[in-house]
2 protein chains.
Amino acid sequence: MSFDKSRSAGVLASEIARLYTAALQRRLAPLGLSPAQFLVLSELWSEDGQTQRMLTARLGVEQATMANTLGRMERDGQIERRPHPDDRRAQIVSLTEAARALEAQATAVAREANAVVLGGLPVAEQELFLSMLGRIVSALRAGEGVPPS
Amino acid sequence: MSFDKSRSAGVLASEIARLYTAALQRRLAPLGLSPAQFLVLSELWSEDGQTQRMLTARLGVEQATMANTLGRMERDGQIERRPHPDDRRAQIVSLTEAARALEAQATAVAREANAVVLGGLPVAEQELFLSMLGRIVSALRAGEGVPPS
DNA sequence: TAGCATTAAACAGCATGCTATGCAATAATA
DNA sequence: TATTATTGCATAGCATGCTGTTTAATGCTA
């Protein structure tokens with residue numbers, strides 16, 4: 001009859017997401033970063049000089065969301081946008097020195113925030129939990145997401 | 001060194017949350033409801049006539065978030081706010097007829113959206129997964145959240 | 001009882017996410 | 001080659017979440 005939040009995978013996942021984001025934000029704030037900015041940076045740290053389109057695809061958010069986030073990152077001096085040499089529609093997103101310098105610290109605190117989440121389970125179950133999350137994401141992307149045309 | 005999103009419990013949970021919210025939104029839209037509105041309604045369906053403070057505590061969001069959501073729900077004709085008989089600061093939030101009529105359908109589609117999420121796992125693992133989510137939420141609330149003073 | 005603290009809501013301002021549109025540049029095709 | 005389709009981004013507008021501040025009503029206490 002009624003809806004039991006405490007047994008809803010979606011509601012529980014959303015709550016974990018909110019608490020994780022808050023934990024990460026508290027740790028990133030001293031570095032001048034936000035959670036979404038961190039994700040973009042982590043992509044650029046592994047490969048600098050990507051187009052907005054590539055970043056959008058790899059992080060799995062909508063193009064407009066990425067455009068807004070990149071706008072804030074440019075405003076905050078984390079990235080620069082330079083014209084694409086071959087395609088005048090596109091731009092190359094590249095790290096500033098300031099952003100490059102944050103990699104070690106930011107990665108460390110992000111790992112810490114994730115450890116806090118996993119810390120809710122005994123070590124013996126953590127690996128299985130990660131595996132379950134991964135399988136669910138794959139299934140949802142395949143089933144509910146936009147079909148890859 | 002670098003940050004691996006695909007092994008981050010927080011990132012994966014956030015992604016499941018986004019995909020779940022989208023799946024739920026698609027199903028609720030024909031009823032004129034949004035995911036956050038559904039959660040408030042589900043609370044009111046089980047006990048009508050609560051104060052904003054009670055709803056805030058039970059759904060675990062901030063007071064300001066709840067005030068905004070209730071504002072949209074009032075605008076959309078789902079709830080009414082009436083003065084509290086004993087406390088002139090407070091208001092009683094009660095369901096409109098229209099909102100009361102949606103319970104069965106809305107609950108059904110929400111269950112469906114949750115089934116889609118759990119569907120990413122074999123049935124044998126679903127119960128364990130729910131238990132893990134619940135334990136993590138409890139641990140995070142206790143550890144990182146605002147201490148219950 | 002006067003004054004301070006607490007509580008219930010509202011409001012302001014911001015970050016992230018989304019959809020829908022619009023625009024310019026590039027590609028494909030009739 | 002002229003049209004049409006596609007692609008890469010930007011913008012607008014909205015929902016949800018947060019923090020911080022303000023206001024009004026209540027409660028407590030010296």
Side-chain angles (χ1 to χ4, degrees), chain A residues 11 14-26 28-29 32-40 50-57 59-76 78-79 81-93 144-146 149, chain B residues 11 14-26 28-29 32-40 50-57 59-76 78-79 81-93 144-146 149:
Chain A
V11 170
S14 300
E15 184 136 6
I16 292 171
R18 272 196 297 139
L19 293 166
Y20 163 73
T21 299
L24 182 56
Q25 178 160 33
R26 272 196 294 279
L28 287 175
L33 295 180
S34 69
Q37 293 174 347
F38 167 75
L39 280 184
V40 173
Q50 301 189 49
T51 62
Q52 184 184 118
R53 189 187 172 288
M54 294 166 70
L55 290 170
T56 296
L59 292 187
V61 298
E62 292 301 315
Q63 172 266 319
T65 298
M66 181 59 67
N68 283 332
T69 297
L70 290 177
R72 284 185 292 269
M73 294 177 74
E74 190 169 33
R75 177 200 66 190
D76 296 349
Q78 295 159 7
I79 58 161
R81 284 147 145 163
R82 32 185 81 261
H84 190 291
D86 303 334
D87 187 337
R88 269 179 301 168
R89 291 169 303 184
Q91 300 178 64
I92 299 292
V93 176
E144 287 272 323
V146 186
S149 81
Chain B
V11 170
S14 300
E15 183 136 8
I16 292 171
R18 272 197 296 141
L19 293 165
Y20 164 74
T21 299
L24 181 56
Q25 177 160 34
R26 273 196 295 279
L28 287 175
L33 296 181
S34 68
Q37 292 174 348
F38 167 75
L39 280 184
V40 173
Q50 303 189 48
T51 62
Q52 186 187 113
R53 189 186 172 290
M54 294 166 71
L55 290 170
T56 297
L59 292 187
V61 298
E62 292 301 315
Q63 173 265 322
T65 299
M66 181 58 68
N68 283 333
T69 297
L70 290 177
R72 285 186 291 269
M73 294 179 73
E74 190 169 34
R75 177 200 64 191
D76 296 348
Q78 294 158 7
I79 58 162
R81 283 147 145 162
R82 34 184 80 262
H84 189 291
D86 303 333
D87 187 338
R88 269 180 300 168
R89 293 170 304 183
Q91 299 177 64
I92 299 292
V93 176
E144 289 272 322
V146 185
S149 79

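Every chain is numbered from 1, with letters handed out A, B, ... down the list of sequences. FYI, side chains are in, hydrogens and waters are out, and symmetry mates aren't considered; it's all heavy atoms of this structure.
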Can you measure [X] atom [atom1] to [N] atom [atom2] for me and round it to whole angstrom units?
X     : N      : atom1 : atom2 : value
B:L59 : D:dG17 : CG    : C1'   : 13 Å
B:L24 : D:dA15 : CG    : P     : 16 Å
B:Q52 : D:dA25 : CD    : P     : 16 Å
B:Q78 : D:dA15 : CD    : P     : 11 Å
A:L70 : C:dG17 : CG    : P     : 12 Å
A:R72 : D:dA10 : CZ    : C1'   : 14 Å
B:L55 : D:dG17 : CG    : P     : 13 Å
B:R82 : C:dA8  : CZ    : C1'   : 18 Å

Residue [X], side-chain atoms from C-beta onward, closest of [options]:
X     : options                : result
A:N68 : C:dC18, D:dT16, D:dC9  : C:dC18
A:Q37 : D:dA10, C:dA9, C:dT16  : C:dT16
A:E62 : C:dT16, C:dT19, D:dA10 : C:dT19

Separation between [atom1] of [X] and [atom2] of [Y], rounded to the nearest 0.5 Å:
X     : Y     : atom1 : atom2 : value
B:I92 : B:R81 : CD1   : CZ    : 12.5 Å
A:H84 : A:R53 : NE2   : CZ    : 11.0 Å
B:M73 : B:I79 : CE    : CD1   : 5.5 Å
A:Q37 : A:L70 : CD    : CG    : 10.0 Å
A:E15 : A:R18 : CD    : CZ    : 5.0 Å
B:T65 : B:N68 : OG1   : CG    : 7.0 Å

>> Quick check: on DNA chain C, is the nucleotide nearest A:D76 upstream (toward 5') of the one nearest B:R18, or the reverse? Name the residue that is more 5'.
In response: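 Mapping each residue to its closest nucleotide by heavy atoms, the 5'-most match is A:D76.
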>> Can you say whether a donor on the side chain of A:Q63 sits under 3.5 Å from an acceptor on the base of D:dA10, or the other way round?
In response: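 Yes, the side chain and the base share a sub-3.5 Å donor-acceptor pair.
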> With distance as the sole test, does B:D76 use its side chain to make a donor-acceptor pair with the main-chain N or O of B:Q78 at under 3.5 Å?
Replying inline: no
Between N or O atoms, less than 3.5 Å apart, protein on one side and nucleotides 2-4 of chain D on the other: list the pairs.
none

Does the side chain of [X] get closer than 4.0 angstrom to OP1 or OP2 of [N] through an N or O atom?
X     : N      : result
A:S34 : C:dA15 : no
B:T65 : D:dT16 : no
A:R81 : D:dA10 : yes
A:Q25 : C:dT16 : no

> Are more than 12 heavy atoms from other residues, nucleotides or ligands located less than 6.0 Å from atom CZ of B:R75?
Replying inline: yes
What's touching nucleotides 25-27 of chain C from the protein side, N or O pairs under 3.5 Å?
residue, atom, partner, partner atom, Å
C:dA25, N3, A:R89, NH1, 3.4
C:dT26, OP1, A:R88, N, 3.1
C:dT26, OP2, A:R88, NH2, 3.0

> Which is true for A:T21 with a 4.0 Å heavy-atom rule: it touches a base, it touches only sugar-phosphate, or it touches nothing?
Replying inline: nothing
> Which sits closer to the 5' end of DNA chain D, A:R53 or B:A64, going by the nucleotide each is nearest to?
Replying inline: A:R53
> For B:V93 and B:Q52, which heavy atoms make the closest approach, and how far apart are they?
Replying inline: CG2-N, 4.4 Å
> Do you know which two heavy atoms are closest between A:L28 and A:F38, and how far apart they sit?
Replying inline: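 Closest pair (atom of A:L28, atom of A:F38, distance): CD1-CB, 3.6 Å.
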